[in-house]
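Here's the structure we're looking at; comments come further down.
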Amino acid sequence: MLCLCVRAALRPGIAQPCRILRPVTQIPERSLVHQGGLPKLPVPPLKQTCERYLAALEPIVSKEELEHTERLVQEFLHGGVGQRLQKGLERRARKTENWLTEWWTQSAYLDCRMPVAVYTSPGVVLPRMNFQDQHGQMRFAAKLIAGVLDFKKMIDTETLPVEYLSEKPLCMDQYYQILSSCRIPGPKRDTVVNYNTGQTPPTHITVVHNFQFFFLDVYNSDGSPLTVDQLYMQLEKIWNSSLQTNKEPIGILTSQHRNTWGKAYNNLIKDKTNKESVRAIHKSIFTVCLDAPMPRVSDEMYPSRVAAQMLHGGGARWNSGNRWFDKTLQFIVGEDGTCGLVYEHAPAEGPPIVFLIDYVVKYMQQTQVIRSPMVPLPMPQKLRFNITPEIKRDIEKAKQNMNIMVHDLDVHVLMFSHFGKKVPKKQKLSPDAFVQMALQLAYFRMYNLCCSSYESASLRMFKYGRTDAIRSSTVDALEFVQAMQDPARENSEKLALLQKAVQTHKENTYNAIHGQAIDRHLLGLKLQGIEDLTSMPEIFMDTSYAVAQHFNLSTSQVGSKTDCVMCFGPMVPDGYGVCYNPMDEHINIAITAFNSCEETNAANFARAVEEALLDMRALLEDTATARQ
Ligand code: COA
């Protein structure tokens with residue numbers, strides 16, 4: 001996933017000042033033993049990217065546009081400009097640990113001026129818990145906090161097990177960025193600060209209840225983490241001292257457009273007390289949002305409602321002010337058994353977040369009781385804010401804008417229960433590619449065309465790697481979906497086309513995770529041009545490029561052991577955001593769109609995806625029976 005405004009941030013002609021920065025923080029020395037052995041992200045060959053770019057355009061642009069672009073690409077490749085930019089990129093790759101990551105983090109996240117809520121911050125929906133009151137809520141939150149602190153031990157002692165993809169060790173840097181960090185708004189570009197590396201790493205979390213923030217120290221004086229019972233007692237104190245429901249929702253300011261929030265932020269921290277309170281939130285290890293109950297909905301609609309609550313909090317009347325959206329990790333626990341999280345995307349992708357969830361969920365299932373030390377604990381400190389008339393005006397504006405965002409976001413979570421990844425696996429098909437082809441089929445059925453489609457691919461095989469894109473709308477995918485719509489075609493032919501499309505997707509996945517996809521390379525060439533202050537090469541000013549960058553389908557697989565699903569907003573105003581978790585026997589799929597776009601509808605798309613998956617299984621079964 002990447003954010004809507006990457007393209008805006010990279011408009012030709014707008015020079016981006018690019019300093020060579022180190023990644024947000026450095027991993028402590030001992031972990032560098034593994035990190036040091038990781039390969040550097042390669043710069044793909046220019047000719048390969050040009051060829052693959054043209055192939056990617058084929059299913060999504062007209063014949064005339066493609067012919068025009070072919071000429072531009074030849075000119076770029078052989079006219080000297082492309083080679084010069086490529087050499088610049090190769091030089092950058094030699095001089096930096098990762099030629100892409102800093103550029104990517106800035107252009108995809110920190111330069112992005114759209115609100116982080118809905119536009120870039122993903123949410124995670126966890127299954128409904130079986131508590132229905134504040135005691136259950138606090139008990140659950142206390143266990144959850146204890147679980148995260150247990151996870152943190154592995155960060156602090158650098159004992160986190162190294163992850164593998166295709167038998168290759170992955171860069172673990174992102175894990176070191178998700179705790180004790182926060183995004184801070186800037187006038188043109190934000191920053192992310194990680195406080196775990198300083199001389200006095202934080203020992204507190206922030207808890208927010210009824211829009212009131214609290215500083216909660218989560219370690220005893222001997223350095224041991226508070227036990228679940230101690231945490232429960234502290235949460236109870238917080239609850240009891242935040243019963244008023246008429247407080248200003250100061251946190252809602254963080255949901256604003258980044259320039260607006262940047263200005264409001266400077267105004268807010270002019271006051272010394274406010275500045276200290278904001279700093280306490282920034283520095284905290286993470287935030288726990290104790291949410292008020294939301295309106296009840298049917299069981300079927302429940303996951304969709306929770307997804308919305310995770311993404312934006314439900315609006316100014318509900319829990320949108322019960323957040324600090326800049327905070328990297330915010331766990332959300334509702335009085336009504338709702339739970340999940342929202343995270344600010346700049347420091348990390350979904351997989352480390354979900355790994356943490358899996359760890360915490362397992363921890364919470366343990367029944368072992370740890371005896372609490374018999375020491376009185378200090379009262380958690382309420383973080384005070386002095387609300388001047390100007391701040392009050394900023395809050396009112398933020399409330400209005402949040403309500404507009406809430407009304408505009410269309411969310412539908414499909415708990416697809418008919419089958420899971422075992423079915424495609426049994427047919428020797430990659431489950432991920434199978435789901436991607438179902439998304440292609442669903443889209444084609446709704447719009448009778450293929451669109452530019454993005455699937456996140458991990459670049460963590462490389463040091464400080466983030467993501468590249470797998471383009472799922474291939475020529476083979478188009479042939480498959482066209483055949484599926486043609487009653488004259490035999491099932492055996494449709495199956496052969498499905499297998500071919502899946503195979504092509506798998507190959508594209510292999511290329512992407514090995515650093516040979518096209519999107520980040522093209523971005524790098526473009527940014528190199530901007531850095532060199534040369535005029536923008538024509539291939540980046542071309543209609544085909546704009547079409548290719550307009551991802552109507554922005555998708556990602558984020559798998560987990562826990563029965564959860566990640567969700568995120570669409571990348572373009574007329575697109576869908578689709579995140580899925582294929583489990584053995586079922587698939588959780590979160591779909592978003594914007595209500596302001598008449599052409600899109602998350603529930604309709606969910607139905608089309610369900611039908612596509614069922615039709616594809618029927619195809620597998622039908623042809624398997626025919627073979628017998
Ligand atoms: N036959 C049988 N089984 C197959 C198969 C085949 N042809 N192809 C794959 N499988 C199996 C795999 O071995 C794997 O098995 P497991 O469940 O035991 O692990 C399983 O099917 C899943 O493989 P597949 O569906 O192909 O997907 P993947 O796990 O390789 O994931 C990506 C593909 C692109 C999602 C992954 O490489 C990636 O990059 N993930 C990161 C995404 C990300 O960062 N998102 C950011 C969100 S903010």
Side-chain angles (χ1 to χ4, degrees), residues 1-3 101 104-105 108-109 116 119-124 163-168 170-175 177-178 310-311 328-329 341-358 419-439 453-462 465-472 498-517 519-520 554-561 564-569 571 577-585 587 590 592 620:
M1 181 187 38
L2 84 165
C3 79
T101 289
W104 175 246
T105 309
Y109 303 111
V116 290
Y119 290 94
T120 54
S121 294
V124 176
E163 286 181 291
Y164 286 78
L165 181 64
S166 297
E167 291 165 20
K168 301 251 176 60
L170 298 184
C171 175
M172 299 301 285
D173 180 63
Q174 292 181 27
Y175 282 94
Q177 314 297 346
I178 57 182
M310 298 305 132
L311 289 172
T328 307
L329 257 183
L341 65 84
V342 59
Y343 84 93
E344 199 291 300
H345 208 330
E349 263 70 57
I353 305 290
V354 164
F355 182 88
L356 183 153
I357 290 179
D358 283 341
F419 63 90
K421 62 179 169 180
K422 274 190 182 167
V423 163
K425 268 191 193 178
K426 213 170 136 208
Q427 301 291 330
K428 308 255 174 302
L429 297 172
S430 145
D432 182 67
F434 190 82
V435 174
Q436 284 292 330
M437 290 312 114
L439 298 178
S453 311
Y454 181 109
E455 181 191 358
S456 307
S458 175
L459 284 178
R460 285 175 56 211
M461 273 184 198
F462 304 99
R466 295 292 302 258
T467 55
D468 206 325
I470 309 160
R471 289 181 168 266
S472 329
L498 169 62
Q499 287 166 330
K500 192 164 174 227
V502 162
Q503 184 54 28
T504 302
H505 189 84
K506 194 76 193 151
E507 281 163 23
N508 289 346
T509 301
Y510 181 91
N511 289 336
I513 63 178
H514 288 86
Q516 299 297 323
D519 278 83
R520 302 299 184 264
S554 160
T555 76
S556 186
Q557 181 196 141
V558 182
S560 66
K561 294 197 181 88
C564 63
V565 66
M566 189 167 268
C567 48
F568 47 73
M571 214 189 277
V578 183
C579 195
Y580 52 94
N581 179 7
M583 314 230 18
D584 280 344
E585 306 290 351
I587 310 172
T592 57
L620 299 180

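Positions are given from 1, in the same order as the sequence printed here. When a ligand or atom number is given, it counts from 1 through the structure's own listing order.
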Those residues that, when tested against R471, pass side chain to side chain donor-acceptor pair (under 3.5 Å) (two or more places apart) | S452, D519

Side chain to side chain contact (heavy atoms under 4.5 Å, CB included) partner of S560, the single match among V124, I353, D358 = D358

OG/S556 to CG/N581 distance, rounded to the nearest 0.5 angstrom?
-> 10.5 Å

Approximate separation, where rounding is to 0.5 Å, of I178 CD1 and T328 OG1 | 8.5 Å

Under 3.5 Å: N/O of E349 near N/O of ligand 1 | no

Given that the side chain starts at C-beta and the backbone is N, CA, C, O, which of these parts of Y343 lies under 4.0 Å from ligand 1, counting heavy atoms, or is it both or neither?
-> side chain

State, yes or no, whether a side-chain contact exists between I513 and I470 at a heavy-atom distance under 4.5 Å.
-> no

For S458, counting its heavy atoms only, list the atoms of ligand 1 lying under 4.0 Å from any of them.
-> 38 (C), 39 (O), 41 (C)

Proximity to ligand 1 by part of I513, non-hydrogen separation under 4.0 Å = side chain

Numbered atoms of ligand 1 (with element) below 4.0 Å of A457, judged on heavy atoms | 39 (O)

Tell me which part of T509 gets within contact of ligand 1: side chain, backbone, both or neither, using heavy atoms under 4.0 Å.
-> side chain

Backbone N/O of N508 and side chain of H505: donor-acceptor pair under 3.5 Å = no

Should Q427 be listed as contacting ligand 1, given a heavy-atom distance under 4.0 Å as the test?
-> no

Residue pair S456, E349: steps toward the side chain to side chain donor-acceptor pair (under 3.5 Å) verdict | CA-CA 10 Å; S456 307; E349 263 70 57; over 6 Å; no

Could you tell me whether some N/O pair between T467 and ligand 1 is separated by less than 3.5 angstrom?
-> no

Could you tell me which residues satisfy side chain to side chain donor-acceptor pair (under 3.5 Å) with T504, sequence neighbours excluded, listed by chain and number?
-> D476

Using a 4.0 Å heavy-atom cut-off, say whether S456 meets ligand 1 through its side chain, its backbone, both or neither.
-> both

With a 4.0 Å heavy-atom cut-off (strictly under), which part of P424 contacts ligand 1: side chain, backbone, both or neither?
-> neither

Examine ligand 1 and decide if any of its atoms is less than 4.0 Å from a heavy atom belonging to K426.
-> no

Flag the pair Y119 / F568 as yes when their ring centroid distance falls below 6.0 Å, and as no otherwise.
-> no

Under 4.0 Å from one or more heavy atoms of K421, ligand 1 contributes atoms 17 (O)

Can you tell me if E455 uses its side chain to pair, donor with acceptor, with the backbone of A457 under 3.5 Å?
-> no

Given S556, S166, P352, which one has a non-hydrogen atom that is nearest to atom 45 (N) of ligand 1?
-> S556

Any Lys/Arg nitrogen of R460 or E163 sitting under 4.0 Å from an Asp/Glu carboxylate oxygen of the other?
-> yes

When you check the side-chain N and O atoms of Q499 and Q503, is any donor under 3.5 Å from an acceptor?
-> no

Quick note on ligand 1: atoms under 4.0 Å from a heavy atom of H345 include exactly 48 (S)

Sub-4.0 Å atoms of ligand 1 with respect to non-hydrogen atoms of G350 | 47 (C), 48 (S)

Contacting atoms of ligand 1, where contact means under 4.0 angstrom from a heavy atom of I470 = 34 (C)

So the atoms of ligand 1 within less than 4.0 Å of a heavy atom of P431 turn out to be 9 (C), 10 (N), 21 (O), 24 (P), 25 (O)

Atoms of ligand 1 under 4.0 Å from any heavy atom of K428, numbered from 1 in the order shown, are 1 (N), 6 (C), 7 (N)

Answer yes or no for V502: is there a heavy-atom contact with ligand 1 below 4.0 Å?
-> no

